[in-house]
Amino acid sequence: MTTEIYKINDPASLTDDDLLALERAGKIIREGGLCAIPTETVYGLGASAYSSDAARAVFEAKGRPSDNPLIVHVSSPADAEQFAVVTDTYLRLAELFMPGPLTVILEKRDSIPPEVTGGLDTVAVRCPSHPVASALIKAAGVPVAAPSANLSGMPSPTKGEHVIRDMTGRVPMIIDGGDCTVGLESTVLRPLDDGSLKVLRPGGVTVEMLREAGFTVVTDKAVTDPSAVGDRPESPGMKYRHYAPAAEVVLLDVKDRGISFADAVLQMEEGRGRSFGVMCMPDEVELFPKEATVFSFRDSEEMAHTLFAALRGADFAGLSVIYVPLPETDGLGLAVYNRIIRAAGGKITRPEF
Ligand code: TXA
Ligand code: MG
């Protein structure tokens, strides 16, 4: 399949050509085809949420098991009414956090075929804030089902080059909108009957933000402990191996070890002569030899949007191993922790020297 790759230089001010390209993309989706699109979290692989065939094509393009349900994207939170049973809690969440990196699980209506929801009687709803995603959904004129646009087993794409690498030849159109600002997938939560919220996947709308808004919030045990995922998790995506590059990911906890992160890495690699990478703070960069591949970040936000690029970069550079400091689990750190603990195969390394 030939793929049209259209580059949008400034998503904040769309040109006439951009709008024409979005019309083309919208038509493709409305007619049952696929288009990869930027969102503020990660790139999505968009398809009409009303088409079983399009949903099947999504799973095929990704190489993904078809029992993993898709998130349905809307350009206005109220549009969820067309395919989901909208609740007061949803409306409150929408008022506070939509458009934005939040996905809410609601009871589904029959307008959505079972292929989209992996046979579940619920549907995940999200209203992205990215201007390109928003314009595309409007142009499509239908709700847009979209998983992250990576090949199954790869980290979600957070840059145009990632999505071009994964999806060229597999879909008719890719819209390259540059880097995704959040860099990790949306927060997925399920409102419980008593009005409290259960976070199934942490993301850009943090537990703290939800609590500050007055919600009672619990997090699924599997958020921080991948081994707690049973055979039938509430969010089917939890059970698949995720985000793990070919390079070994060493999640390093040096707390109370009397050694700095940089020194621990250097000692662990001493005399091994292998190519390694490291994620670290800017002031640590110069402590590593120049052969090391270094990805620096200043805070949780930067760590979040550097993480997937670093994991892809580790494989691209053919690294044997990449060291990542154990993140704090507050704020956006919880989302970073949730992804990196999976990439590291559930293991935290606490070095002894
Ligand atoms: O930020 C995001 O959410 C991105 C962008 C493209 O919007 N999308 C995304 O989609 O990450 P995906 O398919 O890679 O992840 C969707 C997650 C999966 O873990 C899936 O199991 C869960 O949401 N999910 C979807 N529908 C669900 C449902 N009805 N009940 C429980 N979990 C659901
Ligand atoms: Mg995904």
Side-chain angles (χ1 to χ4, degrees), residues 34-47 49 55 58-59 61-75 80 83-85 97-109 112 114-130 132-134 136-137 143-158 162-163 166-167 175 177 180-191 198-205 220 222-223 226 229 232-244 304-305 308 335 338-339 342:
L34 308 185
C35 177
I37 54 161
T39 84
E40 73 279 20
T41 57
V42 301
Y43 276 82
L45 184 57
V58 164
F59 295 121
K62 276 180 68 85
R64 163 171 174 166
S66 60
D67 68 338
N68 199 355
L70 306 177
I71 294 173
V72 177
H73 297 69
V74 291
S75 58
F83 57 86
V85 179
F97 301 112
M98 291 184 187
L102 177 68
T103 296
V104 181
I105 312 285
L106 297 175
E107 194 183 318
K108 85 184 262 301
R109 296 189 193 279
I112 298 273
E115 286 79 1
V116 170
T117 59
L120 299 176
D121 52 14
T122 53
V123 60
V125 183
R126 162 157 140 74
C127 177
S129 64
H130 196 291
V132 172
S134 190
L136 174 83
I137 299 164
V144 174
S148 50
N150 53 292
L151 287 175
S152 192
M154 291 293 282
S156 296
T158 55
H162 298 160
V163 69
D166 279 11
M167 287 299 146
I175 296 180
C180 301
T181 49
V182 180
L184 293 179
E185 306 85 347
S186 61
T187 304
V188 177
L189 61 79
R190 191 162 71 79
K198 183 164 189 185
V199 171
L200 306 178
R201 181 177 75 181
V205 171
D220 193 285
V223 163
V229 180
R232 290 186 61 83
E234 279 190 57
S235 180
M238 285 176 177
K239 69 175 186 276
Y240 298 107
R241 190 183 134 91
H242 254 158
Y243 320 118
H305 70 234
F308 288 155
N338 169 264
R339 309 314 193 270
R342 285 165 168 75

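Counting convention: from 1, in listed order, for ligands and their atoms alike.
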So is there a nitrogen or oxygen of [X] less than 3.5 Å from a nitrogen or oxygen in ligand 1?
| X | value |
| --- | --- |
| His73 | yes |
| Thr39 | no |
| Lys62 | no |

Number the atoms of ligand 1 from 1 as they appear, then name those within less than 4.0 Å of a heavy atom of [X], with their elements.
| X | value |
| --- | --- |
| Ile71 | 3 (O), 8 (N), 9 (C), 10 (O), 16 (C) |
| Glu234 | 30 (N), 31 (C), 32 (N) |
| Ser186 | 1 (O), 2 (C), 3 (O) |
| Gly44 | 6 (C) |
| Asn68 | 18 (C), 20 (C), 21 (O) |
| Leu120 | 28 (C), 29 (N), 30 (N) |

Is there an N/O/S atom in Ser148 that lies less than 2.8 Å from the Mg ion (ligand 2)?
yes
Mind checking whether Arg190 contacts ligand 1 via backbone (N, CA, C, O), side chain (CB onward), both or neither, at a 4.0 Å heavy-atom cut-off?
neither
Where on Thr122 is there a heavy atom closer than 4.0 Å to ligand 1, on the side chain, on the backbone, on both, or on neither?
both
Taking the side chain as every heavy atom from C-beta outward, state whether [X] and [Y] have any atom pair closer than 4.5 Å.
| X | Y | result |
| --- | --- | --- |
| Leu106 | Phe83 | no |
| Pro128 | Pro99 | no |
| Glu185 | Arg339 | yes |

Got a sec, which residues hit side chain to side chain donor-acceptor pair (under 3.5 Å) with Ser129, two or more places apart in sequence or on another chain?
Glu40
Under 3.5 Å, is there a donor-acceptor pair between the Arg190 and Thr122 side chains?
no
Looking only at the side chains, is there a donor atom on one of Ser186 and Thr103 sitting less than 3.5 Å from an acceptor on the other?
yes
Could you pull out all residues at least two apart from Ala49 that satisfy side-chain contact (heavy atoms from CB on, under 4.5 Å)?
Val72, Ile112, Pro143, Ala145
For His305 and Thr181, work out which heavy atoms get closest and say how close.
ND1-O, 3.0 Å
At their closest point, which heavy atom of Ala61 faces which heavy atom of Leu151, and how far apart are they?
O-CD2, 3.6 Å
Heavy-atom contact under 4.0 Å between Lys108 and ligand 1?
no
Heavy atom of Thr117 under 4.0 Å from ligand 1?
no
